[in-house]
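All remarks here apply to the structure that follows.
Keep in mind that the numbers below use all heavy atoms, side chains included, and drop hydrogens, waters and symmetry copies. Quick note on labels: first sequence line is chain A, next is B, and so on, each numbered from 1.
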2 protein chains.
Amino acid sequence: MYLLQTWRPMAYHHGNLREALLARAAEVIAESGVEALSLRGLARDLDVSHAAPRRHFADRRGLLVELAKEAFRLCVVMMEQGAEAAGPDPVARYRALGRSYVEFARRDPAFFRAMHHPEVRSIPNSELSELQGAWFAALRDGAAAAQRSGWHPEADPEALVAFSVSAAMGAAQLLSDESWSQHLDFNDIDLLADDLLDLTVGRTQKSLMSTPNELTGNAAKRRAS
Amino acid sequence: MYLLQTWRPMAYHHGNLREALLARAAEVIAESGVEALSLRGLARDLDVSHAAPRRHFADRRGLLVELAKEAFRLCVVMMEQGAEAAGPDPVARYRALGRSYVEFARRDPAFFRAMHHPEVRSIPNSELSELQGAWFAALRDGAAAAQRSGWHPEADPEALVAFSVSAAMGAAQLLSDESWSQHLDFNDIDLLADDLLDLTVGRTQKSLMSTPNELTGNAAKRRAS
DNA sequence: GCCAAAAGTTGTCAATGGCAACATTGACTC
DNA sequence: GAGTCAATGTTGCCATTGACAACTTTTGGC
């Protein structure tokens, strides 16, 4: 993967290191987790000296913050695309936000981990904070629109935001991390995700369409053995 | 805090190191996070040589696993005590499980972090896995009882377990970590926790009792400014 | 009191983060 | 086209840490 960098036309010195570092870092995190990430390891992988990464990131945390920022950007885009694809119904769009977040967590584990890793969370960074705010805003807007169209009409709007964030983070964590999900008895993780969304959002037209003739959700298809 | 160890009657060599290490480790994690934990640092804090911890824990991860195990034990006890205090109604008891988990996360951040830190999650350990299973079982039993008494009667039971786990983890993470909760507009985190539980479990008699004359939850009390 | 095991110590090594000083490249100017 | 400067990369160094080995001290059972 990252070896491609070695034969590609390099614009200068030794490649456009910054992007290569971020890309390789994402690979390492996806394979071995944030703990396995070391600047020197990246430098070795990319055949540069151990101090080269320092020109682009002040330290390890700096690189992690950049990854997390990119993660929030991508995640918001994915969620908005998901909502767009869900059509005009605000509740269906809201549901799609949650669905997209879970998809993001499972499809891009490196980015998801960068967003959630305690080491990253403890770094104060205004740009990262702003991007997190944009992520919250996406859920806030979606929840507000859903509420206007009849979802929990009497609830406090900000409580619905907290509920949305909490449900999204909980579901993504549970479904993307086998150390948690191993304790669940299920066959198809996508159907389980649908059930979770049903329980969170309520059964929408879209979710009913996917299992039109059952009252008990995806249970029959999901149960193991 | 941990200095108390130095004057207490010591039954041994230089303290009952194992417990002292665990206690000091919990302090360090609560103050500075799991990343700040180092065996050598603990040894310094407890005035023992840098290799002394090795007699009790094979490595850093070994100590973390022990902390996480203890965390799951304590957490299950707290949740069961909470359910017990909630009386006989299964739905109220189920609600109390979630409430207790959030309380646990906020009251014992060190244990909560040890349970959830990716570095710990990636360690294969059968004893830890069993204790996690017991934690799941507590929620599974609670959810099943609630369902038998009318909560989501038509849902798949295992989907309800996933929903419970997801909601508990999400709420605890959101409410115990300011890097997330800073993006929410609220005054009283306890009232927000109640609102989250209302939205997850539905409004129970108990939650109605605490705000008997409002349709909109704790909104009025919670809204900032 | 003896002796074996438990508990703790000193010493060492490799890996890492982080810093400083130096080298090279490329781009811009005249 | 030569000179200059900033960007980029390199080598070297040091402190910290995890991890391991070899040795020493204490404890508790006999």
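Rounded to whole angstrom, the span from the CG atom of B/Asp47 across to the C1' atom of C/dA7 amounts to 16 Å. Look at CG on A/Asn16: it is 14 Å from C1' on D/dG9, rounded to the nearest Å. Between the CG atom of A/Asp45 and the P atom of C/dT16 there is a distance of 11 Å, rounded to whole Å. Distance B/Leu42 CG to D/dT17 P: 11 Å, rounded to the nearest Å. For the pair A/Glu35 CD and D/dT17 C1', the interatomic distance rounds to 16 Å; values are reported in whole Å. We find that CG of A/Leu39 is positioned 19 Å from P of D/dT16, with the value rounded to whole Å. When rounded to the nearest whole Å, the span between CZ of B/Arg54 and P of C/dA6 equals 16 Å. Rounded to whole Å, the distance from CZ on B/Phe57 to P on C/dA7 is 12 Å.
A/His56 has a side-chain polar atom (N or O) that falls below the 4.0 Å cut-off from OP1 or OP2 of D/dG9. A sub-4.0 Å separation between OP1 or OP2 of C/dT16 and a side-chain N or O of A/Arg44 is present.
Residue B/His50 is in base contact, counting any heavy-atom pair closer than 4.0 Å across all strands shown.
Taking only side-chain atoms of A/Ser38, from C-beta outward, the nucleotide of D/dA19, C/dT16, C/dG11 with the closest atom is C/dT16. Side-chain proximity of B/Ala51 to D/dA21, D/dG9, C/dG8: nearest is D/dA21.
Taking only distance into account, the side chain of A/Arg40 meets the base of C/dG17 through a donor-acceptor pair shorter than 3.5 Å.
Summary of the strand contacts: B/Arg55 and B/Arg60 both lie near DNA chain D, and taking for each the nucleotide with the nearest heavy atom, the more 5' one is attributed to B/Arg60.
Here the closest non-hydrogen pair linking B/Ala96 and B/Gly82 is CB-O, 3.4 Å.
Proximity of B/Leu22 to B/Phe57: side-chain heavy atoms (C-beta onward) are separated by under 4.5 Å at one or more points.
Looking only at distances, no side-chain donor or acceptor of A/Asp108 sits under 3.5 Å from a matching main-chain atom of A/Ala110. With A/Arg95 contributing its side chain and A/Asp194 its backbone, the two residues share a donor-acceptor pair below 3.5 Å.
Between B/Phe104 and B/Tyr101, the angle of the ring planes stays under 30°, which puts this pair in the parallel group of the 30/60° scheme.
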